[in-house]
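The next block holds one structure in the form of structure tokens; read it before the comments.
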2 protein chains.
Amino acid sequence: MIGKINLAAISERTGYSVSTVSRVLSGKAEKYRISKAAVKRVTAEAARCNYRPNLLAQSLRTRQSQTVGLVVPGIDNPFFATLSSVIMAQLSQRGYHTLLADSRESAEEERMALQMFQDRNVEGIISVPVASSPELHEDIGREIPLVLIDRYFEKTSLSYVCTDNYAGAYMAAKYLADKGYRRILAIQGVPASMPNRERVRGFLAALEGRDVYCSVRGDAFSVENGQREALAAFSGNPSAYDAIFAFSATILLGAISALRKLGLAEGRDVGVISYDNNGFLDFMNPPVTRVEQPLKEVGEVAVGALFNLMEARRCGDDAPAPVQQLIRPTLVVRESC
Amino acid sequence: MIGKINLAAISERTGYSVSTVSRVLSGKAEKYRISKAAVKRVTAEAARCNYRPNLLAQSLRTRQSQTVGLVVPGIDNPFFATLSSVIMAQLSQRGYHTLLADSRESAEEERMALQMFQDRNVEGIISVPVASSPELHEDIGREIPLVLIDRYFEKTSLSYVCTDNYAGAYMAAKYLADKGYRRILAIQGVPASMPNRERVRGFLAALEGRDVYCSVRGDAFSVENGQREALAAFSGNPSAYDAIFAFSATILLGAISALRKLGLAEGRDVGVISYDNNGFLDFMNPPVTRVEQPLKEVGEVAVGALFNLMEARRCGDDAPAPVQQLIRPTLVVRESC
DNA sequence: CAGTTTTGCGCAAACGATTGCGCGTCTAAT
DNA sequence: ATTAGACGCGCAATCGTTTGCGCAAAACTG
């Protein structure tokens, strides 16, 4: 602290003014016509005492913090962990740092995180929104470039990059039906959430007009929910359904544990298919057929979009049209149905 | 930006000076004997226009950033994701924000992250160290409170909170031997890393003097490594070993896939036991017996220790003795051996 | 040689907050 | 009535950078 070297220190040691030192060290020597001699002397001294600028002061002055804020609903969820990892890697590659916040699925915590981002002059924000209405995000988006990922709002002017949940669920349901399954139970997650609603739509649409009995139950992306619903569905009648479509890997695990408890074997007695990317699914017995979301692509497209917004902002251009993109997931066929 | 309200704005609107406004809004009204009237007028105006202080300016001036830096070797690894989650929750609860960096197991990236933390005046740092020597961490630890987690350096003055990898591996090996397994293959991770070395020590110590043939192979905490080593071990002779001890869940998965490829059933033909907390292990068939690390406790103790250091620093006390704690993991018995 | 341009650099004002010190006014004590 | 203390508040410096403007000396022009 006390001995921390700053521009003033270098200024003293070299005899040049703080201004000159600053200009040299921030690479503006040409622009301000600083002599070769000065440049040399200053850079030498800076290197000698290992000068590093105070980023807070720099940000305060320039209003550029080299930081973007990222808020997710649960970093301990492997899905968001992977997504965060991809995004942070992209940001880091572009010289940006990450302020990470975990909203824990709470709109209130999300609000606090977003405001904190504002108060720290982040240059951009990437958010997996939790709030049920877009107002806060839109307000902040007017001030700071902001891109939604994984979840989005309908009819919003905000940019978003999500996976096409309708298409994903459609693919899964169609696959089951084509395979000959005729009584399908879909166990869903949080009903109000956009991805979930889209999955329900896709699921139903795929089975529309086909001779398949189907049902959608459940209310959370959790193991417990999967377990509860599977238990409820099969305990009275072991052949109530011939297949389960789990809307997340956690739900799947719950369902499988329920099946086993009832003496039913997943894959053999009841076909199962799942959503999510978890590599563990390959090592289940049998390996689980699933809809995988292209997380890497989502992250990359989102960061790309964000930087476009930031670029425009820096140049004073008015914001480009929002990027609103749904990326198709892929069906990974294994042996569970 | 342009319309952002600051102390000056409130000062104008209320007629009080910036100083007074600042004192009122930062709760120092009493200390500076500001009149009730002024307090009321200022707080009202601040509330009316939703004033929020610029955290950069605040940090610059006070040298308190309400931020701690967290660096992990891979946020996409569920182990570190969970650990990060616990830590961030603890920090958030204490009113602190998190600057997260991912070193991707690279000492160079780790160095950059740590320096960046310094340059942003973080008040504390929690690090899962990647570097092979402690110098950098120790240098920074002299300036900023710093606690290591999960990995530590030998003979360091730094605080650390890790799990007792020796004890964990000892428990696992003893359990296998007690169960009657006599030819045990341990598939390790990165040999040089401290947790790995401790696990090897514990593993060997537990089998010392017992009539058990054992071997340690492998060199990475990856699926591929597990697969490669298991394949190499069993392909010549299907009964070369009767049990596998995987040093991580990823290694386990690789090993299992190799076994299956060779027509061997994990649990029945070859006992398996693993390290790691992944809940998926419960849903394998059979569920996998494993050594679980008390991540929650590690995170909590680490944050506690960090805040003690920070507290001392604030009060100008000299640093308290380093907390150097190894927390015992627990053996979670399932059916795979 | 006077006048213009270029060169090289420093002054000082920002960015938005915090805080030591001191100044005026009002009350109370002598 | 005078003085001391309490009271309420503002001035201005500070944290470490950046940057518009301008000034002096050197170089060039005619």
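Quick caveat: nothing in here was measured; it's all calculated off a predicted structure. Order of the sequence lines fixes the chain letters, A, B, ..., with proteins taken first and strands second; residue numbering starts at 1 for each chain.
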Between the side chains of A:Glu108 and A:Ser106, does any donor sit under 3.5 Å from an acceptor?
no
Rounded off to whole Å, could you give me the CG-to-C1' distance for the B:Leu60 and D:dT14 pair?
9 Å
Looking for any heavy atom pair under 4.0 Å, which part of the strands does A:Ser22 touch: base, sugar-phosphate only, or nothing?
base
Ignoring hydrogens and geometry beyond distance, is a side-chain donor-acceptor pair present between A:Arg120 and B:Thr67 at under 3.5 Å?
yes
Round to the nearest Å and state the distance from A:Leu7 atom CG to D:dC15 atom C1'.
13 Å
Which nucleotide in the list D:dT18, C:dT19, C:dG16 gets nearest to the side chain of A:Val18?
D:dT18
By nearest heavy atom, map B:Ala37 and B:Thr62 onto DNA chain D; which one lands nearer the 5' end?
B:Ala37
Can you measure B:Glu30 atom CD to D:dC9 atom P for me and round it to whole angstrom units?
13 Å
Below 4.0 angstrom from OP1 or OP2 of D:dC9, is there any side-chain N or O of B:Tyr16?
yes
Using a cut-off of strictly less than 4.0 Å, decide whether A:Thr20 has a side-chain nitrogen or oxygen near OP1 or OP2 of C:dG8.
no
By nearest-nucleotide position on DNA chain D, the 5'-leaning member of B:Ser17 and A:Leu56 is B:Ser17
Check the distance between C:dG20's C1' and B:Arg23's CZ and give it to me in whole angstrom.
9 Å
Between A:Ala57 and A:Arg33, just flag the one whose closest nucleotide in DNA chain C comes earlier from the 5' side.
A:Arg33
I need the NZ-P distance between B:Lys31 and D:dC7, as an integer number of Å.
17 Å
Does a side chain donor of either A:Ser22 or A:Ser19 reach within less than 3.5 Å of an acceptor in the other side chain?
no
At 4.0 Å (heavy atoms only), tell me whether B:Tyr32 reaches a base, stays on the sugar-phosphate, or touches nothing.
base
Just by distance, no angles: are the side chains of A:Gln64 and A:Thr62 close enough, under 3.5 Å, to form a donor-acceptor pair?
no
It should be established whether A:Lys28 places a side-chain nitrogen or oxygen under 4.0 Å from OP1 or OP2 of nucleotide D:dT19.
yes
Distance in angstrom units between A:Glu12 CD and D:dG16 P, rounded:
13 Å
note: A:Asn121, atom CG; C:dC15, atom C1'; distance rounded to Å ~ 9 Å
Tell me whether the side-chain N or O atoms of A:Arg41 pair up with the base of C:dG8 as donor and acceptor below 3.5 Å, since no angle test is needed here.
no
Pick base, sugar-phosphate or nothing for A:Ser19, based on heavy-atom distances below 4.0 Å to the nucleic acid.
base
Taking the side chain of A:Ser26 as its heavy atoms from C-beta onward, which of D:dC9, D:dT18, C:dG16 lies nearest to it?
D:dT18
Spell out yes or no: do the side chain of A:Arg61 and the base of D:dT17 have one donor N/O and one acceptor N/O closer than 3.5 Å?
no
Please determine if B:Arg41 forms a cation-pi arrangement with B:Tyr16, meaning its NZ or CZ atom is less than 6.0 Å from the six-membered ring centre and no more than 45° off the ring axis.
no
Please report the distance, rounded to the nearest Å, between CD1 in B:Ile34 and P in D:dC7.
13 Å
What class does the angle between the rings of B:Tyr96 and B:Phe307 fall in, given that below 30° is parallel, 30 to 60° is tilted and above 60° is perpendicular?
perpendicular
Tell me what B:Ala38 touches on the nucleic acid: a base, only sugar-phosphate, or nothing, going by heavy atoms under 4.0 Å.
sugar-phosphate
Would you indicate, yes or no, if C:dG16 has its OP1 or OP2 atom less than 4.0 angstrom from a side-chain nitrogen or oxygen of B:Asn54?
no
Under 4.0 Å: is that the gap between some side-chain N or O of B:Gln58 and OP1 or OP2 of C:dG16?
no
